[in-house]
Amino acid sequence: MLPSTSGTGEGGPIGFGFAFSQGGLFESQTVRRTEPGRREAEVMAGDTSELELPFVQDVQLTKCMRLRAQSLQQRNERPQDGEKLLRPNEYIYRVDFIRQHNLHFLHWKIQMEKAGKVMVTGTSQHWTPDLTNLMNRQLLEPVGIFWKKPGTKEVECNEADAQEFGERLMELAKIRKVMYFLLSFTDGLDPAHLKCSVVFKA
């Protein structure tokens with residue numbers, strides 16, 4: 001198994017990462033970055049293709065939710081009943097489904113440049129943060145939990161939950177072009193050291 005490395009190519013930087021497959025294995029894969037901060041890869045294999053959709057941090061939405069929590073604290077006010085306030089180790093990410101139909105979940109692709117853990121929680125929120133707060137009831141199950149132990153190169157996860165989570169995303173993609181996620185970082189991991197994407201057969 002190869003550690004994460006990078007190079008350059010005609011279409012931009014090339015990254016090598018570890019992918020979680022349905023068989024519980026990690027494999028080295030190549031991703032061509034089409035634009036800064038966003039990765040979309042379609043790998044042709046006979047009559048089929050693989051569509052890789054990246055998790056992209058929504059900086060503005062994360063900031064908006066942090067300001068909401070700070071404002072309540074400064075005014076010594078309580079949040080709305082059932083409201084989910086963003087903690088310091090939590091960030092909002094989004095996935096843009098550039099294709100919505102005839103998708104079949106293949107595997108997760110997780111790269112961690114340091115040891116730690118990330119918990120990926122889907123939301124049912126169609127966000128207009130100036131009008132609508134995130135509620136706990138909008139946090140979906142199952143949750144994807146991925147971790148990397150100190151001194152190792154492998155990223156591990158609960159395979160059953162990861163599989164079920166991926167298959168649910170396949171269904172949710174049919175009814176929305178954008179989906180938002182809550183990512184919680186622990187054990188020393190942070191957004192700067194994580195690259196996460198989900199791969200479908202399209």
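Quick note: numbers below take in every heavy atom, side chains included, and nothing from hydrogens, waters or symmetry partners.
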*Is Lys148 paired with Asp187 through a side-chain N to carboxylate O contact shorter than 4.0 Å?*
no
*Please identify each residue that fulfils side chain to side chain contact (heavy atoms under 4.5 Å, CB included) with Asn102, with sequence neighbours left out.*
Arg99
*Quick one: ring-ring contact (aromatic ring centres under 6.0 Å, His included) pairs with a partner in residues 156-179, sequence neighbours left out?*
Trp108-Phe165
*Can you tell me if Ser197 and Glu52 form a side-chain donor-acceptor pair at under 3.5 Å?*
yes
*Flag yes if more than 12 heavy atoms outside Arg176 fall under 6.0 Å of its CZ atom; otherwise flag no.*
yes
*Looking at Arg68 and Glu83, does any basic side-chain N land under 4.0 Å from a carboxylate oxygen?*
yes
_Residues that, via side-chain heavy atoms closer than 4.5 angstrom, fall in one hydrophobic cluster with Trp147_ = Met119, Val143, Ile145
*Residues forming a ring pair (Phe, Tyr, Trp, His ring centres under 6.0 Å) with Phe97, sequence neighbours excluded*: none
*With Tyr93, which residues qualify under ring pair (Phe, Tyr, Trp, His ring centres under 6.0 Å), at least two apart?*
none
*Looking just at side-chain N and O atoms, do Glu167 and Gln163 make a donor-acceptor pair shorter than 3.5 Å?*
yes
*Return the set of residues passing ring pair (Phe, Tyr, Trp, His ring centres under 6.0 Å) with Phe200 (not counting sequence neighbours), or none when no residue passes.*
none
*List, by chain and then residue number, the residues other than Leu72 in its hydrophobic cluster (Ile/Leu/Val/Met/Phe/Trp/Tyr, side-chain heavy atoms under 4.5 Å); write none if there are no others.*
Leu85
*Please say whether more than 12 non-hydrogen atoms of neighbouring residues, nucleotides or ligands are located less than 6.0 Å from CD in Glu141.*
no
*Looking at Gln138, Gln80, Met65, which hits side chain to side chain contact (heavy atoms under 4.5 Å, CB included) with Asn133?*
Gln80
_List the residues meeting side chain to side chain contact (heavy atoms under 4.5 Å, CB included) with His104, not counting sequence neighbours, and say none if there are none._
Met170, Lys201
_Once side chain to side chain contact (heavy atoms under 4.5 Å, CB included) is applied, do any residues pair with Asn136, and if so which ones, sequence neighbours excluded?_
Lys84, Leu139
_Under the side chain to side chain contact (heavy atoms under 4.5 Å, CB included) test, residues paired with Gln73 that sit two or more places apart_ = none
*Can you name the residues that form a side chain to side chain donor-acceptor pair (under 3.5 Å) with Asn89, not counting sequence neighbours?*
Ser184
*Quick one: salt bridge (Lys or Arg N to Asp or Glu O under 4.0 Å) partners of Glu164, sequence neighbours excluded?*
none
*May I ask you to check whether over 12 heavy atoms, not counting those of Lys114, lie within 6.0 Å of atom NZ?*
yes
